[in-house]
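Just below is one structure, and these are the notes that go with it.
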Amino acid sequence: MLIPQYNGVCDVEKVFKYYFKTLTNKVAELIRFGSLPDRIDEEFLKESLILEGRVCFTEFNSHIYALTGNIGGEPDCYKVPSEFIIANPILGSKRVKIRHLDGNTSVDGLEGIVVGLTHVDTHLMTMAAKGLYNLIYNYAGMLADNFVSLNCAQINSRVQVAYVADNENLANTAEVVLKDMYNGKPYKVLSQDILNKLTVSPIAASGANTTIISLIEAHATILADFWSELGIAYNSNRKRQYVGQAEASMDTGSLNLNIDSIINSIRDGIERVNELFGTSITVDIDENAYENAMNGEAEIADTDNVEGIVDKADDEIKDNTEAEGGKDDGFEKAEDKEADDKKD
């Protein structure tokens, strides 16, 4: 593989697409299906649920498919559309009966089942049912903007001073001197006239390092907030000192609901699919992906361990101080003895 030419990372559109894809993949990894019919693409199923909010399980040519489309048709007694409209270039078009007009919840007589990422996604009209699309879009945008800002801050921190010359010849001479210095030559002899006419002006921003640190911390904060929206306690140390377990739990105590609600909504729909088509499809949270999401990029420090480290450090400082004090006493005794010898 050829190493590509590096052109910087300040293209916010490319960075946004990267983070949009990455966040979508991370959420998809949380959902695990089992025993899907052979004509159902699991990755397409998860992507459609996450970004479009729902899919319709129905039959085409005696095979079960999970397809996207729009709800429509005559509304039932609860004003919910009773049909799902599919227009597939390969399989063809179909109006699928998904609800009984009288509100009957039985699957008998239905032609398909709509499975939603949330219970609301199942019934909302097209523009309103978007699953997690808006959430992923917003946080991918924030991550992209922050990433590009960090790169710009890094580049700007390189420029420490500006050299001002009166003419082109003097500018060329200064260029030669600077190149020699950057190449490791320890000295350069210049005439007094050149030194008098060459001006050095500092231009580096005084808070460049602070800005870079703040942007790095903001990256972890944005990721933590994204996972918190899904009810996952992302272990990210947002402060420069350790965070205790009790303090961390205050942030997430009321949030661990959303991912369970998503799985329960999908499971409710899948149970109706199994009832209608006689399948045995299952859905659950992928525990490995869930643990990885919770672990994040930083560990939350254990308060007891931190206190133990501090106590040990205090003991070492005390021991060193006592040792140094003993040494000082020895010097003082030697000085006293020398003084007595002189008197004698």
Side-chain angles (χ1 to χ4, degrees), residues 16-17 19-33 36-37 40-58 64-73 75-76 78-88 91 93-99 105 107 110-141 226-232 255 257-274 276-277 281-286 289-290 293:
F16 167 77
K17 290 178 180 178
Y19 278 115
F20 190 93
K21 178 181 69 175
T22 300
L23 294 180
T24 303
N25 286 336
K26 291 296 183 182
V27 176
E29 289 172 359
L30 295 173
I31 306 172
R32 185 180 70 245
F33 286 96
L36 285 171
I40 295 180
D41 186 322
E42 182 177 1
E43 299 308 317
F44 175 82
L45 172 59
K46 292 194 287 188
E47 180 183 332
S48 299
L49 285 171
I50 292 168
L51 299 181
E52 298 192 30
R54 59 179 169 232
V55 296
C56 180
F57 285 73
T58 189
I64 301 172
Y65 292 87
L67 303 171
T68 58
N70 299 318
I71 57 174
D76 66 7
Y78 297 107
K79 299 182 180 180
V80 178
S82 61
E83 294 181 341
F84 195 87
I85 304 167
I86 297 172
N88 189 280
L91 300 175
S93 300
K94 185 177 182 180
R95 299 179 72 94
V96 182
K97 181 179 179 181
I98 57 174
R99 294 179 67 89
T105 58
V107 299
L110 299 183
E111 299 172 335
I113 300 294
V114 173
V115 177
L117 188 74
T118 67
H119 290 96
V120 177
D121 284 319
T122 306
H123 303 136
L124 281 179
M125 298 301 289
T126 305
M127 294 304 295
K130 285 292 185 180
L132 299 178
Y133 179 90
N134 290 328
L135 178 69
I136 293 173
Y137 181 95
N138 292 339
Y139 278 92
F226 172 77
W227 288 117
S228 293
E229 292 279 357
L230 296 177
I232 297 176
L255 293 173
L257 299 172
N258 294 338
I259 191 65
D260 289 332
S261 298
I262 287 171
I263 293 298
N264 288 335
S265 173
I266 297 173
R267 185 178 290 125
D268 288 346
I270 291 298
E271 288 176 355
R272 289 174 60 80
V273 170
N274 291 337
L276 178 60
F277 297 109
I281 304 171
T282 61
V283 62
D284 211 334
I285 296 175
D286 190 304
Y290 185 81

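These values consider heavy atoms only, across backbone and side chains, with no hydrogens, waters or symmetry-generated copies. Note that this is a predicted model, so its numbers are computed, not measured.
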- Message: Checking I270 against F33 for the side chain to side chain contact (heavy atoms under 4.5 Å, CB included) test, could you report, in this order, the C-alpha distance in whole Å, the side-chain angles of both residues, the deciding distance, and whether it holds?
- Response: CA-CA 10 Å; I270 291 298; F33 286 96; 4.2 Å; yes
If you measure from [atom1] on [X] to [atom2] on [Y], what distance do you get to the nearest 0.5 Å?
| X | Y | atom1 | atom2 | result |
| --- | --- | --- | --- | --- |
| N70 | F84 | CG | CZ | 6.5 Å |
| I281 | I266 | CD1 | CD1 | 12.0 Å |
| I259 | N264 | CD1 | CG | 10.0 Å |
| L51 | L132 | CG | CG | 8.0 Å |
| T105 | R272 | OG1 | CZ | 6.5 Å |

Check side-chain contact (heavy atoms from CB on, under 4.5 Å) between [X] and all other residues, then give those that pass, not counting sequence neighbours.
| X | value |
| --- | --- |
| T118 | V120, D121, I262 |
| T282 | none |
| N88 | L67, I86, I90, L91 |
| K97 | H100, L110, E111 |

Heavy-atom check, side chain of [X] versus side chain of [Y], under 4.5 Å:
| X | Y | value |
| --- | --- | --- |
| K26 | W227 | yes |
| I285 | D260 | yes |
| D284 | R32 | yes |
| K21 | K17 | no |

- Message: My understanding is that only residues two or more places apart in sequence, or in another chain, count here; which of them pass side-chain hydrogen bond (donor to acceptor under 3.5 Å, both in side chains) with D268?
- Response: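 Checked D268 against side-chain hydrogen bond (donor to acceptor under 3.5 Å, both in side chains); matches are H119.
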- Counterpart residues, side-chain hydrogen bond (donor to acceptor under 3.5 Å, both in side chains), relative to K94 (two or more places apart):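 For K94 the side-chain hydrogen bond (donor to acceptor under 3.5 Å, both in side chains) partners, ignoring immediate neighbours, are T58.
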Is there a donor-acceptor pair closer than 3.5 Å between any side-chain N or O of [X] and the backbone N or O of [Y]?
| X | Y | answer |
| --- | --- | --- |
| S82 | G73 | no |
| R95 | G72 | no |
| T24 | F20 | yes |

Which heavy atom of [X] sits nearest to which heavy atom of [Y], and what is that distance?
| X | Y | answer |
| --- | --- | --- |
| L117 | G131 | CD2-CA, 3.8 Å |
| L45 | A66 | CD1-CB, 4.1 Å |
| V96 | C56 | CG1-SG, 4.1 Å |
| E29 | D286 | O-CB, 3.2 Å |

Quiz: residues 133-140 side-chain donor-acceptor pairs under 3.5 angstrom, not counting sequence neighbours:
unit_1 : atom_1 : unit_2 : atom_2 : d
N138   : ND2    : N134   : O      : 3.1

- Verdict with supporting geometry, T68 and V55, side chain to side chain contact (heavy atoms under 4.5 Å, CB included): CA-CA 5 Å; T68 58; V55 296; 4.3 Å; yes
- Message: Going by the rule salt bridge (charged side-chain N to carboxylate O under 4.0 Å, His left out), which residues pair with D76 if we only count those two or more places apart in sequence or in a different chain?
- Response: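 Listed in chain order: R99.
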- Task: Using the test salt bridge (charged side-chain N to carboxylate O under 4.0 Å, His left out), find all partners of E47 that sit at least two apart in sequence or belong to another chain.
- Result: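 E47 satisfies salt bridge (charged side-chain N to carboxylate O under 4.0 Å, His left out) with no residue once adjacent residues are dropped.
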- Among I98, I71, V114, the one residue meeting side chain to side chain contact (heavy atoms under 4.5 Å, CB included) with P81: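 Among the candidates, only I71 passes.
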